[in-house]
Asks: 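Here it is, the structure, as structure tokens.
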Amino acid sequence: MRQMRQRIPKELSELKYTNRRRSIFSQLAKLLTHRVFFIGLFIVLQLAVLVLMVLYFSTYFLQFYSFCLLISAISVLWIVNRNSHPDYKIAWIVPIMAFPLFGGLFYLLFGGNQLSQWNQRRMERLGKLSREALAREGQEAEQIISSNPAAGNQSRYLFRTSGFPPHVHTDAVYFPTGEEMWRSMLEEISKAEHFIFLEFFIIEEGVMWNTMLDILEEKAKQGVDVRLMYDDIGSLFTVPKNYALQMEQRGISCAVFNPFRPVVSIRLNNRDHRKICVIDGHTGYTGGINLADEYINVKERFGYWKDNGVLLRGEAVWNLTVMFLSNWDYTTGRQESFEPYRPGRWSAGMPSGAGVVQPYSDSPLTSEAVGSNVYLNLINRATRYIYITTPYLVIDHAITVALQTAAKSGVDVRIITPHIPDKKMVFEVTRAHYPALLEAGVKIYEFTPGFIHAKTFVVDDQYAVVGTINLDYRSLYLHFECGAWIYDHPVVCDVRDDLLATMDQSQEIHLEAAARLGWLKRLRRALLRLFAPLM
């Protein structure tokens, strides 16, 4: 009997080891047969061929070597004189100067952000169509915000740079968790009679998406125009390659933004990070929530997943509709009239609303960093407090100085970041920014239950921004993003209350702890900060 008891634990241990080994082999086999492996392998081969060509020709031809150095020198001059972010310039100049033989060529492949002439013409046509669709909007909201010069300046900046006007007659509901927003979306989608537009960075098969998909398929059978757009890299590991075809077979029109192709291209950096849901033109959602199970905490990743979003009902939904249709037409190559989807076409009337709501978008294909400037406007105009949530605090000099100046001026500046990170290197850069901010009087909290994915500003009980724009270089300068700027609306205080409640679940970071680092960690963080714009 004793021998039996001794043998059973040993057999269980061997069984666990065997299952673990099978799991590892299964995951490895899945990775080796996934399209990302073959695409990545092909890209690596292209880069390897490029490097070998440079090495080969530089050995035999002094002219070729000189040509590469000339390309690097011209690239540096071009970078210095470009109208781009200084941190982004430094992150490229350093490797080019360190490796002049390859640096210039790599910058030509990865460093620019230009569209082809064909795409430029197409973007111009869609931009004109969007401006025409939005041209008659915003007059009533302009009258309201004109009484406050600070609010008026912020709103007019948004209108002139992004093209999206402010609106009144819009109700708003704030959701402090993904679970609450998901339940609301299911309810509203099930009531759709004419169209449902979905645009998300990530979709993943599971409880959240599959429940929604069943409703969407049923609505499509009823004749509702159901459209889905997702980012190919964002959903690279979450849906199969032919997923768009599967959606079409279920009656759902589907478009894949910027497909991941086996070609070295700067376009790989420009992702559609927006989250938009529009129902019948009168109801819309945006925020940080993607369509995957961790966002509603059905699947645990990095502890409790804290996110947020906002429902808009009324005139401001028109901005979200135009955003979706513009990107849909750009992705599919179509050009359609936006007028059939204007709010009020089917609804009996618009809500009276209180305050101003201005959904806006930010594109990396223009020289205007709209998302960054919206945040800077809020920071610079605050008089009492600034509360911020962001999953990544990878900020440039301008935002750092603005936050420091606000805190030194007596404004109560508080920032909530995750305590459990999803990306360890980015988390290192986030923490590298703590000491300078803490020294100026900024208060920093880490959300101890897990990972906070919400991207939120709330200022002085007057302003709030809820959207998709992280405080990092990718969101601020490389991705397609969106947000809702809200002024003098009751929902602003709902956002404030949620952030205060979140601080109660967070630990405050003090300067002594943040600055107590060994030399090796200091060096690592310094290097990561240098190349943060390229992460």
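Sequential numbering from 1 along the given sequence is applied to the chain's residues.
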Asks: Using 30° and 60° as the class boundaries, would you call the ring planes of F480 and F257 parallel, tilted or perpendicular?
Replies: perpendicular
Asks: Please examine the side chains of L500 and R414, heavy atoms only from C-beta on, and report whether any two atoms are closer than 4.5 Å.
Replies: yes
Asks: With distance as the sole test, does R271 use its side chain to make a donor-acceptor pair with the main-chain N or O of N258 at under 3.5 Å?
Replies: yes
Asks: Does any part of the side chain of H510, heavy atoms only, come nearer than 4.5 Å to the side chain of E508, both counted from C-beta?
Replies: yes
Asks: Minimum heavy-atom separation for V370 to Y360, with atom names?
Replies: CG1-CD1, 4.0 Å
Asks: Decide whether E481 and S475 meet the rule of one side-chain donor and one side-chain acceptor closer than 3.5 Å.
Replies: yes
Asks: Does any N or O in the side chain of D231 come within less than 3.5 Å of the main-chain N or O of D272, such that one atom is a donor and the other an acceptor?
Replies: yes
Asks: Do any N or O atoms from the side chain of Y285 and from the backbone of S184 form a donor-acceptor pair under 3.5 angstrom?
Replies: yes
Asks: Do the side chain of T417 and the main chain of T390 share a donor and acceptor less than 3.5 angstrom apart?
Replies: no
Asks: Heavy atoms, side chains only, cut-off 4.5 Å: are L403 and I415 in contact?
Replies: yes
Asks: With side chain to side chain contact (heavy atoms under 4.5 Å, CB included) as the test, would you mind laying out the steps for V491 and V173 before giving the verdict?
Replies: CA-CA 7 Å; V491 79; V173 179; 6.0 Å; no
Asks: Are Y157 and N377 close enough that a side-chain donor and a side-chain acceptor fall under 3.5 Å?
Replies: no
Asks: Determine yes or no for a side-chain-to-main-chain donor-acceptor pair under 3.5 angstrom, with K219 supplying the side chain and A192 the backbone.
Replies: yes
Asks: Does any non-hydrogen side-chain atom of L325 lie less than 4.5 Å from one of F197?
Replies: yes
Asks: Look at the rings of H453 and F451 and say which category their plane angle falls in: under 30° parallel, 30 to 60° tilted, over 60° perpendicular.
Replies: tilted
Asks: Taking all non-hydrogen atoms of both residues into account, name the closest pair between P449 and I420 and its distance.
Replies: O-CD1, 4.3 Å
Asks: Is there a side-chain contact between V256 and T331 (heavy atoms, below 4.5 Å)?
Replies: no
Asks: Checking N210 side chain against E205 main chain: does a donor-acceptor pair fall under 3.5 Å?
Replies: no
Asks: I want to know whether Y375 and F457 have ring centres closer than 6.0 Å.
Replies: yes
Asks: Is it true that R384 and D461 make a salt bridge, defined as a side-chain N closer than 4.0 Å to a carboxylate O?
Replies: yes
Asks: Is any side-chain heavy atom of D472 closer than 4.5 Å to a side-chain heavy atom of V429?
Replies: no
Asks: Working to the nearest 0.5 angstrom, can you tell me the gap between I252 CD1 and L213 CG?
Replies: 5.0 Å
Asks: Within the structure provided, determine whether R381 and Y463 are in side-chain contact (heavy-atom separation under 4.5 Å).
Replies: no
Asks: Quick one: closest heavy-atom pair of K455 and P391, and the distance?
Replies: NZ-CG, 3.7 Å
Asks: Would a distance-only check, ignoring hydrogens and angles, find a side-chain to backbone donor-acceptor pair under 3.5 Å from S506 to Y445?
Replies: no
Asks: Look at the side chain of T283 and the backbone N and O of R313, then say whether any donor-acceptor pair between them is shorter than 3.5 Å.
Replies: no
Asks: For H273, check ring-ring contact (aromatic ring centres under 6.0 Å, His included) against everything at least two apart and list the hits.
Replies: F201, H479
Asks: Regarding Y295 and E204, is there a side-chain donor-to-acceptor distance under 3.5 Å anywhere?
Replies: no
Asks: Assess the side chains of S162 and S361: does a donor N or O sit below 3.5 Å from an acceptor N or O?
Replies: no
Asks: Looking at H489 and T170, what are the two nearest heavy atoms and their distance?
Replies: NE2-O, 3.0 Å
Asks: For the backbone of N297 and the side chain of E179, can you confirm whether one donor and one acceptor N or O come within less than 3.5 Å of each other?
Replies: no
Asks: Please determine whether side chain to side chain contact (heavy atoms under 4.5 Å, CB included) holds for the pair V357 and V310, giving the CA-CA distance in whole Å, both sets of side-chain angles, and the decisive distance to 0.1 Å.
Replies: CA-CA 11 Å; V357 180; V310 64; over 6 Å; no
Asks: Can you name the closest pair of heavy atoms from Y385 and D460 and give their distance?
Replies: N-OD1, 2.8 Å
Asks: Find out whether F175 and V466 are in side-chain contact, i.e. whether some heavy atom of one side chain is under 4.5 Å from a heavy atom of the other.
Replies: no
Asks: Angle class for the W305/F302 ring planes (parallel below 30°, perpendicular above 60°, tilted otherwise)?
Replies: tilted
Asks: Can you tell me which residue among M229, K275, R227 is in a side chain to side chain contact (heavy atoms under 4.5 Å, CB included) with E199?
Replies: M229
Asks: Is there a donor-acceptor pair closer than 3.5 Å between any side-chain N or O of T456 and the backbone N or O of T389?
Replies: no
Asks: Answer with yes or no whether the side chains of S235 and Y243 bring together a donor and an acceptor at under 3.5 Å.
Replies: no
Asks: So, for S372 and Y477, which heavy atoms are closest and what is the spacing to 0.1 Å?
Replies: OG-OH, 3.7 Å
